[in-house]
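To start, the structure under review is shown below, and the notes come after it.
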Amino acid sequence: MATPTKPKRRARLVAGSAKAAVDSAIYLDDRLPFARWLRPQLRKLFPSHWTFLLGELALYSFALLVLTGTFLTLFYEPHPGVAFASATETSLDVRGGLLMRQLHHWSATVFVLAIVAHLCRVFFTGAFRRPRELTWMLGVVLFGLVLFESFLGVSLPGDQLAMTGLREAHGLLLSIPLVGTYLAAFAFDGGFPGQVIPRVFVTHVLLVPGILMAVVPLHALVLTWRQKHTERRATAADEHRVTGGPFFPYFAVKNGATALFTMGAIAALATFVRVNPVWEHGAYRAGGYVPSAQPFWYFGVLDGAQRLVPPWEITIDGYVLQPGLWIPPLILTVFFGVLLLYPFIERRFTGDGDHHHLLDRPSQAPVRTALGVAVIAFFTVLWAGMWVSEASPRMHSAPGFPQPARAPDALLTVPHDTYTMIVIGLRVAVFVLPVLAFLVARAVCRRRAG
C-alpha cells in the first residue's frame with residue numbers, strides 16, 4: 001500500500017490562501033450582505049453598440065486627468081512671480097514632467113471632445129426624455145464645469161498666452177454695470193494681475209474637481225445603474241424590452257478595453273504631438289504681443305463672438321456702458337440655460353410625458369434634429385471668428401532706439417480690408433446659416449421619415 005505524500009509547500013500555500021479568501025468573503029457577507037446585492041448587479045444588461053461607450057471615453061479621460069494633475073500639483077508653485085518659472089521647470093527639468101503636462105493637456109481635450117460627442121448622441125436620439133431628465137441636467141452641469149475648469153488650467157502657467165486670457169476675463173468683469181468692479185476685485189484681489197494665480201489654482205485643483213468628483217459618479221454610475229438603459233430601435237421592438245450583455249464579464253471586459261484604448265491614444269498624442277509650449281510664449285509682459293496660438297475649446301466661441309459683435313458703447317450721465325462685451329457671455333448663459341431645461345421645454349411643446357426607453361432616429365424627430373443642427377451651425381460660425389486675425393501694424397521707435405520686434409502672425413493673418421470683409425461676412429452668416437441649416441435639416445428628416 002502506497003504511503004500518502006505530504007503536499008508541497010506551494011500547494012499548501014495556495015490551498016491556505018484560497019481557504020482564507022473564502023472564509024473572509026463568508027465573514028463579510030454574513031455582516032454585510034454583498035452577495036445578495038452584487039449578484040443581480042453583475043447580471044445587469046448593458047447595451048452593445050459603440051456609441052454607448054462615448055460616456056466611458058469621457059470617464060477614463062477624467063481619471064487620467066486626475067492622476068496627471070496630482071503629479072503636476074507636486075511641482076507647481078501657484079505664486080504670481082514664479083508661476084511661469086515653475087511651469088517651465090516642470091516641463092524641462094523634472095523627469096517625466098513634460099510628458100505629464102502633455103498627458104494632462106491632451107486628456108482635457110479628449111475629455112471635452114468626448115462630452116460633446118456624448119451630448120450630441122443623447123440629444124439627437126432623445127435619450128434625455130422621461131425618466132432621464134435629471135441625468136441630462138447633471139450632464140449639462142458637467143459640460144459647463146469642464147469648460148470652466150479647462151480655461152482655469154490653461155491660465156495657470158502664467159505665460160503671455162495665459163495671462164492675456166485672464167486679462168480679457170478681467171475686462172469682462174469690469175464691464176458689468178454696478179457690480180463689475182466688486183467682482184473683479186474679488187476674483188483678482190485688486191487690480192490685474194493681483195493674486196489671481198493662487199485663486200485660479202485653488203479653484204482648479206480643489207473646488208471644481210471636488211464638484212466634478214461628486215457629480216460624475218452620480219451622473220455616470222448611480223442614476224445610470226438604477227435606470228434601465230435606452231434601446232436602439234434596430235434591436236428592440238418595444239419600450240420595455242431589455243437587450244445587451246451582462247455587466248460581468250461582457251461589459252466589464254469591453255470597458256477595460258475602452259479604458260486601455262483611451263489612455264493609450266492619449267499617451268500617443270502626448271508623446272508625439274507637442275501642445276502649449278509655455279517656454280516659447282515667455283513670461284507675461286504688460287503690453288506684450290500675444291503668442292500666435294488660438295484658444296481651442298477653452299475660450300474659442302467666446303473669443304470669436306467678441307470679434308463679431310460691434311464695439312457698441314452707450315454713455316449715460318458720463319458713465320460708459322459697453323454692451324458689446326456683454327452679448328457673448330449672455331449668449332453662452334442663455335444657451336446653457338435652455339440646454340439645461342430642454343427636456344421640459346420639449347415636453348411642454350410636444351405634450352409627450354410618457355416614459356421612453358426606446359431611442360429615436362434623428363429623422364423621426366425633425367424639429368429636434370433641425371434645432372440641433374442649427375445650434376451647431378451657429379456656434380461653428382462664432383468659433384470660426386477666432387481663427388482670422390488682422391495683420392498687426394509695424395511699430396517704429398524714436399531715432400536712436402532699437403526697432404521693436406514685429407508681432408508674431410496668428411494662424412490666419414490677413415490685411416485690414418480683407419479682415420473687415422471676413423468679419424462682415426461672418427456677422428451675416430451667424431444669422432443666416434443657422435436658419436438655412438434648420439430648414440434643410442428639417443426637410444431632409446421629413447423626407448427620410450416619410
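Just so it is clear, the model here is predicted, and its values are computed rather than measured. Scope of the values below: all heavy atoms of this structure, side chains included, with no hydrogens, waters or symmetry mates.
Trp106 places a side-chain N or O within donor-acceptor distance of the main-chain N or O of Val273, the cut-off being under 3.5 Å. Counting only distance, with no hydrogens or angles, the side chain of Ser86 and the backbone of Phe75 share a donor-acceptor pair below 3.5 Å. When atom types are taken as modelled, the side chain of Arg427 and the backbone of Leu308 share a donor-acceptor pair closer than 3.5 angstrom. Without hydrogens or angle criteria, Trp326 side chain to Ser175 main chain gives a donor-acceptor distance under 3.5 Å. Looking at Gln102, its side chain never comes within 3.5 Å of a backbone N or O of Thr271 through a donor-acceptor pair. Arg442 places no side-chain N or O within donor-acceptor distance of the main-chain N or O of Pro366, the cut-off being under 3.5 Å.
To the nearest 0.5 Å, the span separating CZ on Arg121 from CZ on Phe52 amounts to 5.0 Å. Distance check, rounded to the nearest 0.5 Å: CD1 of Ile211 to CG of Leu206 gives 11.0 Å.
Taking the six-membered ring where tryptophan is involved, the planes of His219 and His118 are perpendicular, since the angle between them exceeds 60° and thus also 30°.
For Ser107, the side-chain contact (heavy atoms from CB on, under 4.5 Å) partners at least two apart in sequence or on another chain are Leu64, Leu65, Ile266.
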Original post:
Given the rule in the ring pair (Phe, Tyr, Trp, His ring centres under 6.0 Å) test, do Phe335 and Phe379 qualify, once you have shown the distances and angles that lead to the verdict?
Top reply: CA-CA 10 Å; Phe335 167 71; Phe379 282 108; 4.7 Å; yes
**OP:** Go through His170 and Arg167 one step at a time and tell me if the side-chain hydrogen bond (donor to acceptor under 3.5 Å, both in side chains) criterion holds.
**Re:** CA-CA 5 Å; His170 184 256; Arg167 190 72 174 99; 3.0 Å; yes
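Looking at Asp93 and Glu89, their side chains come closer than 4.5 Å, going by heavy atoms from C-beta outward. Trp136 is listed as a side-chain neighbour of Leu119, based on a closest heavy-atom distance under 4.5 Å. In this structure the side chain of Phe378 never reaches within 4.5 angstrom of the side chain of Leu433, judged on heavy atoms. Taking the side chain as every heavy atom from C-beta outward, Phe344 and Met137 approach each other to under 4.5 Å. By the 4.5 Å heavy-atom criterion applied to side chains, Glu280 and Arg274 are counted as neighbours. No side-chain heavy atom of Leu156 sits less than 4.5 Å from a side-chain heavy atom of Pro78.
Across Asn255, Thr262, Thr258, a single residue satisfies side-chain hydrogen bond (donor to acceptor under 3.5 Å, both in side chains) together with Tyr60, and that is Asn255.
The two atoms that bring Leu426 and Val381 nearest to each other are O-CG1, 3.6 Å, heavy atoms only. Among all heavy-atom pairs drawn from Arg368 and Thr125, the shortest one is NH1-C, 3.9 Å. When all heavy atoms of Pro209 and Glu149 are compared, the closest pair comes out as CG-OE2, 3.4 Å. Here the closest heavy-atom approach between residue Val146 and residue Phe111 is recorded as CG2-CE2, 3.4 Å. Minimum heavy-atom separation, Phe84 to Trp279: CZ-CA, 4.2 Å.
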